[in-house]
Asker: 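Have a look at the structure that comes next, please.
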Protein chains: 2
Amino acid sequence: MIKYSGENLTEAQNELYEWIRDYVRDFQHSPSIRQMMNAMGLKSPAPIQSRLKHLQDKGFISWQEGKARTLKLVDEIIDGIPIKGSIAAGGLIETFSDVQENLDVTEIFKKKDVFALTVNGDSMIDACIADGDMVLMEPLRDSYSLKNGTIVSAMVPGLGTTLKYFFKRGGKIYLEAANPAYDPIELNLDEVIFQGKLLAVWRKV
Amino acid sequence: MIKYSGENLTEAQNELYEWIRDYVRDFQHSPSIRQMMNAMGLKSPAPIQSRLKHLQDKGFISWQEGKARTLKLVDEIIDGIPIKGSIAAGGLIETFSDVQENLDVTEIFKKKDVFALTVNGDSMIDACIADGDMVLMEPLRDSYSLKNGTIVSAMVPGLGTTLKYFFKRGGKIYLEAANPAYDPIELNLDEVIFQGKLLAVWRKV
DNA sequence: TGTATTAGAGTACATTTGTTCCTTGATTAA
DNA sequence: TTAATCAAGGAACAAATGTACTCTAATACA
C-alpha cells in the first residue's frame, strides 16, 4: 500500500485496492465488479460495491457511473520529473521559484528509431560532451537537411565513426571537433555517411 | 499517426485509431464500440467492428473478446533506447559495435522525489554542465552521507541556491565551482542546507 | 458491362455489468 | 440482553456492450 492520504483503509478495502492496482498493471484496463468479487472470494457483487464506494469517498479511486470498467486509480500520476525552478551556477543568486512544470524526458522516447551512443574521448569537450556521456541520436536519411553547426555522428567507410560538428562549404564537408587539440577533417560529400544528429545528452553521475 | 508497421491503414481505420488513442489518453480507459460509433458519425456498430478487426489483424490493437472496454493499443512500448555502441570523439577510431543494451532513462524516474532544475550560468562549465542544462537531483536528508567532490544543490538561507562541488574539511563546508573564474565559498555546517545531489544531466539540443 | 469485394445500415441477441433491494448473520454499543 | 450497525448473500433489473446476421449501396476489377 502506498497511498494513505489521511484516512485509513480497512483490511478488506486495502486488499481490494491492491488487487485492483495489480490487475490494472497487468491488463492495462480496469477489472469488472464481478471479477473483483471472484478475486476477493465473495459470492455477491454488493460487498464490492460497498468497498468501492468507501475507496471513492476516501479519494483512492474514481469511475464513470454506469459505465463498464471505467474505474481509475487516483494515484500520483508521474509523467515527468517536476522542475522545481532554476538554480544558479555562478554565485548565489536565486532560490527555487517552484515552477511547476514537468520535465518529460519520455517524449524523446516516442520518436521512432532514436538510438544512443557512448562517447569515447574528449574531442567534444567544449560542447560539454564528455567522455562516457550518452548521446541520443536521431537517424538521418540525407545530409541536405543538415545545418552548419549541427553535431552529427558520421561514418567514413574504412575509418570509423565519429561525433563532430558538421559544416558544409563549397561542396566540401568539414567535421570539426569541439576541442582545439583536434584538427578539422575535410571530406567530399560521397566519402561520408551520416548516421544521426544529436538530440540530447544524458549523463549519469 | 505514428505507427505504420509495414501495413498501411485505410483512412477510416486511421481516423478510428487516432480517436481511440486520444480517448485513452484523456480518460485512461478504453471507449466502447458504441462510443466509437458515435464519434465516427456512424449509426451502426458493425462498421466499427470491422475496422477494429482490421486494426487487430495489422497489429495495432488487441482486446479481450466479449469483455467491455478491454481494448488496448499495441503501441511501441519503449522502455529504453537501444545503445548501438560507442563512438569516437577524438579521431576516427571505431565503428558501431552494435551492442544491444538499452539505455533505460526511465529507471531514474522510478526513484521517488527526484526533481529537476534548470541551470543558470556557467560556474559548472568544467564539469560539463552548461547554461540551460537540466540537472536531475535526488533529495538529501543530511550532509553526513555526502562525499567530497559530489555535486550538490545547496541553499544558503538569505542568499539563494547554487549548484557546486561539495567539500568538507575540518568542520567547514566548501562549495567550489567548476570554473576558475569563481572563488570557493566557505561556510559553517549550520549555514547551509543541501537540497539534493546530482543524479544526471539532461541536455536537449 | 457484369461481377466481386467492401463498407455501412439496420436489426437482433446474448452476455457482461453496474446498480438496487431485501434478508441474514455477526459484531458492537448501550 | 437488546438494539444498532455493518458486512455479506441472494436475487433481480436495466443498461451497457460485444457480437452475429442480413441487406443495401458503393467501389474496384476484369
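Naming: A, B, ... by sequence-line order, numbering from 1 per chain. Computed from a prediction, not measured in an experiment: that's the story for all the values here. Just so you know, these numbers use all the heavy atoms, side chains as well, and skip hydrogens, waters and symmetry mates.
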Asker: Between A:E176 and A:R169 (salt bridge meaning N to carboxylate O under 4.0 Å), is one present in this structure?
Answerer: yes
Asker: Please lay out, stage by stage, how A:N188 and A:K172 fare under the test side chain to side chain donor-acceptor pair (under 3.5 Å).
Answerer: CA-CA 5 Å; A:N188 290 318; A:K172 288 278 188 181; 2.8 Å; yes
Asker: Send over the distance from A:L52 CG to C:dG18 P, rounded to a whole Å.
Answerer: 9 Å
Asker: Which atom pairs link the protein and nucleotides 13-20 of chain D when you take only N or O atoms and keep those under 3.5 Å?
Answerer:
from: D:dT17; atom 1: OP1; to: B:R69; atom 2: NE; distance (Å): 2.5
from: D:dT17; atom 1: OP1; to: B:R69; atom 2: NH2; distance (Å): 2.6
from: D:dT17; atom 1: OP2; to: B:R69; atom 2: NH2; distance (Å): 3.4
from: D:dG18; atom 1: OP1; to: B:R69; atom 2: N; distance (Å): 3.2
from: D:dG18; atom 1: OP2; to: B:I33; atom 2: N; distance (Å): 2.7
from: D:dG18; atom 1: O3'; to: B:G66; atom 2: N; distance (Å): 3.2
from: D:dG18; atom 1: N7; to: B:R34; atom 2: NH1; distance (Å): 2.8
from: D:dG18; atom 1: O6; to: B:R34; atom 2: NH2; distance (Å): 2.8
from: D:dT19; atom 1: OP1; to: B:G66; atom 2: N; distance (Å): 3.0

Asker: Specify the separation, in whole Å, of atom CG of A:L55 and atom P of D:dA7.
Answerer: 12 Å
Asker: Using atom CD1 of A:I48 as one end and atom P of C:dT19 as the other, report the distance to the nearest whole Å.
Answerer: 13 Å
Asker: Is it true that A:R69 and A:Q35 share a donor-acceptor pair across their side chains at a distance under 3.5 Å?
Answerer: yes
Asker: I need the NE2-P distance between B:H29 and C:dT16, as an integer number of Å.
Answerer: 20 Å
Asker: Quick one: B:M37 CE to C:dA7 C1', roughly how many Å, whole number?
Answerer: 16 Å
Asker: Do B:Y174 and B:Y165 have their ring centres less than 6.0 Å from each other?
Answerer: no
Asker: For this output row, return yes or no: ring centroids of B:Y23 and B:H29 closer than 6.0 angstrom.
Answerer: yes
Asker: Do B:M36 and B:L16 come close enough that some side-chain heavy atom pair is under 4.5 Å?
Answerer: yes
Asker: Atom CZ of A:R51 to atom P of C:dG18: distance rounded to whole Å?
Answerer: 16 Å
Asker: How many Å lie between CG on A:L71 and C1' on C:dT17, as a whole number?
Answerer: 13 Å
